[in-house]
Amino acid sequence: MPASVQLLAQNPDGTTRAFDLTEHDTFLLGRMKDCHLCLPDDSQVSRHHFILEACPPQAALRDLGSMNGTHVNGKKVGGREKGETPEQGAKRAYPSIDLKHGDRIQVGQTRIEVQIVQDQAGGRQVSAALPEGDLSGLSPEAMQRLIFGQPGEAAFQLNDYAIERELGRGGCGAVYLARTAVGGTPVAVKIMLSRAQADAKSVEQFKREMAVIAKLCHPNIVRFLDSGSDEGTFFFVMDYCDGGSLADVAKRHGGTLPWETLRPWALQALEGLAAAHKDGFVHRDIKPQNILIHQNIAKISDFGLAKNFQKAGLSGMSMTGNYAGTPVFMPPEQITNFKYVKPVSDVWSFAASLYQLLTGKFPYRFDPKRDPIDIILNENPVPIRDRMPGLEKNLAAVIDKALIRNPKDRFPDAGKLLAAIR
């Protein structure tokens, strides 16, 4: 039997509901209809009370700033303490707790028992290679030592590629400039390290799905050239883009880009994304860092990497835990419907990227005293002309429509967004 996280929820009337999380997934409890366990009649439950993330056999719970907190085995997690003001309670930012088999969660009148089933297949486990915490503070030399197990050097060999220098850093690894052994062609080598354990079957599924995506061929999609793995380390060789990412370009120009400069790159990137959507692929991780420039042409990078890495259970806890990020380019449904993201979600993320590149701000008003996931689930994006009054009205209307909370009211895919921007 494969690993799973089972939740048995006992209602006040004695009835029980079961939820079985068999792969990396999220589970929301609250009063709103988009919650997996909706409790609209319990006044002690907040709109979005807590998020539980499962990466079987691991599970973690994060209270979303609820009024009354969440109780795990009788101990309060999140919420305000007795006598605390809202401002004081908010300073204890969105706490999370690791869950184990037999834990009991109490929210209002509902009790949930956590049952964790370990993998019974006896398959080989892939060991996690990353330490907990943020990797951004590591020096390039320390990062190289973490990934390759050797001290930083000017250049060294990885299979048929001579690694020269680090180009960028991500939550699960880094990207390096390298050259091929034959011909010395510059390429980009992306190293991804497992944040969690996964069996050999999951790893092989990840490789198969990436092999399918590697066949995507479009002038505005960065090509996958090669790949490989060793235990918990995975590497992907891609075309090297000499202009860096749109995030890099914006940084070189003071943090924002004028629409006249951004427009041709936005249209080119949407051409690539539209072609992928037409073929049935979803990116799931569109952001300025994943739109690269090569010889003044924009290309979408990292297609399917985040989605398939998460699906294989290799990314660890990306919504909770010590290395969870703030999902600033993620639409609400990617939190509530974690496994089944569609092209319309890429549309939201692309529009959010344009918004940030144009204004230097994110679509939401993120408050350091409030859980960002709570903001994404409960608030509407700020209309872009509130941030940038001089932006052309029709363009602003297109971006605002692409950022509507309800997916049914957005452009359904990148092709429709491309046509609207044109």
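Quick caveat, the model's predicted, so the values are computed rather than measured.
Judged by distance alone, with hydrogens and angles left aside, the side-chain atoms of R169 form no donor-acceptor pair with the main-chain N or O of A174 at under 3.5 Å. Judged by distance alone, with hydrogens and angles left aside, the side-chain atoms of T261 form no donor-acceptor pair with the main-chain N or O of L257 at under 3.5 Å. A donor-acceptor pair under 3.5 Å is absent between the side-chain atoms of S46 and the main chain of H49, judged by distance alone. Remark: the backbone N or O of A397 is not paired with any side-chain donor or acceptor of N394 at under 3.5 angstrom. Side chain of Q106 to main chain of G108: a donor-acceptor pair is present (N/O by atom type, distance under 3.5 Å, no hydrogens or angles). Not a single donor-acceptor pair under 3.5 Å links the side chain of N11 to the backbone N or O of D13. Between the side chain of D42 and the main chain of Q109, a donor-acceptor pair closer than 3.5 Å is present.
A salt bridge links E379 with R370: at least one charged nitrogen is closer than 4.0 Å to a carboxylate oxygen. Between K100 and D103 there is a salt bridge, since a side-chain N of the basic residue sits under 4.0 Å from a carboxylate O of the acidic one. Electrostatic pairing of D400 and R385 does not count as a salt bridge here, judged by no charged N lying under 4.0 Å from a carboxylate O.
Atom CG of D413 is separated from atom CG of L273 by 9.0 Å, given to the nearest 0.5 angstrom. Here the CD1 atom belonging to I286 is positioned 12.5 Å from the CE atom belonging to M330, to the nearest 0.5 angstrom. Here CZ of R405 is found 9.0 Å from CD of E333. Values are rounded to the nearest 0.5 Å. Between D302 atom CG and S245 atom OG the span is 10.5 Å, to the nearest 0.5 Å. A distance of 5.5 Å separates CD1 of I399 from CG of L358, quoted to the nearest 0.5 Å. The structure places NE2 of H36 at 8.5 Å from CD1 of I51, a figure rounded to the nearest 0.5 Å.
If you look at F27 and F19, their ring centroids are closer than 6.0 Å. A distance of 6.0 Å or more separates the ring centres of F350 and F329. Between Y176 and Y161, the ring center distance fails the sub-6.0 Å criterion.
A perpendicular orientation is assigned to the rings of F303 and F281, their planes being inclined by more than 60° (bins at 30° and 60°). Using cut-offs of 30° and 60° for the angle between ring planes, the Y364 and W348 rings count as parallel.
Looking at heavy atoms from C-beta onward, F236 lies in side-chain contact with M192 at the 4.5 angstrom threshold. Residues S96 and L61 fail the side-chain proximity criterion, which asks for heavy atoms closer than 4.5 Å. H283 has its side chain within reach of N290: a pair of non-hydrogen atoms, C-beta onward, lies under 4.5 Å apart. D371 is listed as a side-chain neighbour of R62, based on a closest heavy-atom distance under 4.5 Å. Residues R104 and Q10 are not in side-chain contact: their nearest non-hydrogen atoms beyond the backbone lie 4.5 Å or more apart. No side-chain heavy atom of K342 sits less than 4.5 Å from a side-chain heavy atom of P407. Residues I421 and L270 meet the side-chain proximity criterion, which asks for heavy atoms closer than 4.5 Å. Using a 4.5 Å cut-off on side-chain heavy atoms (C-beta onward), Q356 and T256 make no contact.
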Show your reasoning for whether side chain to side chain donor-acceptor pair (under 3.5 Å) applies to E53 and H24. CA-CA 8 Å; E53 184 175 13; H24 195 175; 2.7 Å; yes
Evaluation steps, ring-ring contact (aromatic ring centres under 6.0 Å, His included), between F309 and F206: CA-CA 7 Å; F309 209 64; F206 168 62; 5.5 Å; yes
Does H71 form a side chain to side chain contact (heavy atoms under 4.5 Å, CB included) with V77? I'd like the steps, not just the answer. CA-CA 6 Å; H71 290 80; V77 178; over 6 Å; no
D285 and K287: salt bridge (Lys or Arg N to Asp or Glu O under 4.0 Å), yes or no, with the steps? CA-CA 6 Å; D285 193 26; K287 55 188 175 183; 3.7 Å; yes
Side chain to side chain contact (heavy atoms under 4.5 Å, CB included) between V341 and Q334, intermediate numbers included: CA-CA 6 Å; V341 174; Q334 200 162 330; 3.5 Å; yes
Give the C-alpha distance, both sets of side-chain angles, the deciding distance and a yes or no for side chain to side chain contact (heavy atoms under 4.5 Å, CB included) between K190 and F234. CA-CA 8 Å; K190 180 155 191 160; F234 303 81; over 6 Å; no
If you apply the rule ring-ring contact (aromatic ring centres under 6.0 Å, His included), what do you find for H294 with Y240, and how did you get there? CA-CA 8 Å; H294 182 60; Y240 170 62; 7.2 Å; no
Kindly indicate, with the supporting measurements, whether the criterion side chain to side chain contact (heavy atoms under 4.5 Å, CB included) is fulfilled by L52 and T26. CA-CA 6 Å; L52 185 150; T26 56; over 6 Å; no
For T336 and D34: C-alpha separation, side-chain torsions, deciding distance, then whether side chain to side chain donor-acceptor pair (under 3.5 Å) applies. CA-CA 7 Å; T336 59; D34 59 0; 5.1 Å; no
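Judged as a salt bridge (charged side-chain N to carboxylate O under 4.0 Å, His left out), and not counting sequence neighbours, D346 has no contacts. Listed by chain and number, the residues in a ring pair (Phe, Tyr, Trp, His ring centres under 6.0 Å) with H277 amount to none (sequence neighbours excluded). In this view, R47 satisfies the salt bridge (charged side-chain N to carboxylate O under 4.0 Å, His left out) rule with no residue, not counting sequence neighbours.
Among all heavy-atom pairs drawn from F224 and A214, the shortest one is CB-CB, 3.9 Å. Closest of all the heavy-atom pairs between V45 and G30 is CG1-CA, 3.7 Å. Summarising the geometry of H101 relative to I116, their closest heavy-atom pair is ND1-N, 2.9 Å, with the distance given to 0.1 Å. For the residue pair I297 and P219, the shortest heavy atom distance occurs at CG2-O, 4.4 Å. Between I300 and A269, the shortest heavy-atom contact is CG1-O, 3.6 Å. Closest approach of L21 to P56, counting heavy atoms only: O-CG, 3.5 Å.
By the neighbour-count criterion of 12 heavy atoms within 6.0 Å, atom NZ of K251 is sparsely surrounded, having that number or fewer from other residues, nucleotides or ligands. The environment of CZ in R223 is sparse: at most 12 heavy-atom neighbours from other residues, nucleotides or ligands sit within 6.0 Å. Residue K361 qualifies as open at atom NZ: its count of foreign heavy atoms under 6.0 Å is 12 or below.
Looking only at atom types and distance, the side chain of H48 has a donor-acceptor partner in the side chain of N378 under 3.5 Å away.
The side-chain contact (heavy atoms from CB on, under 4.5 Å) with Q44 is formed by just one residue from the set T110, N68, L39; it is N68.
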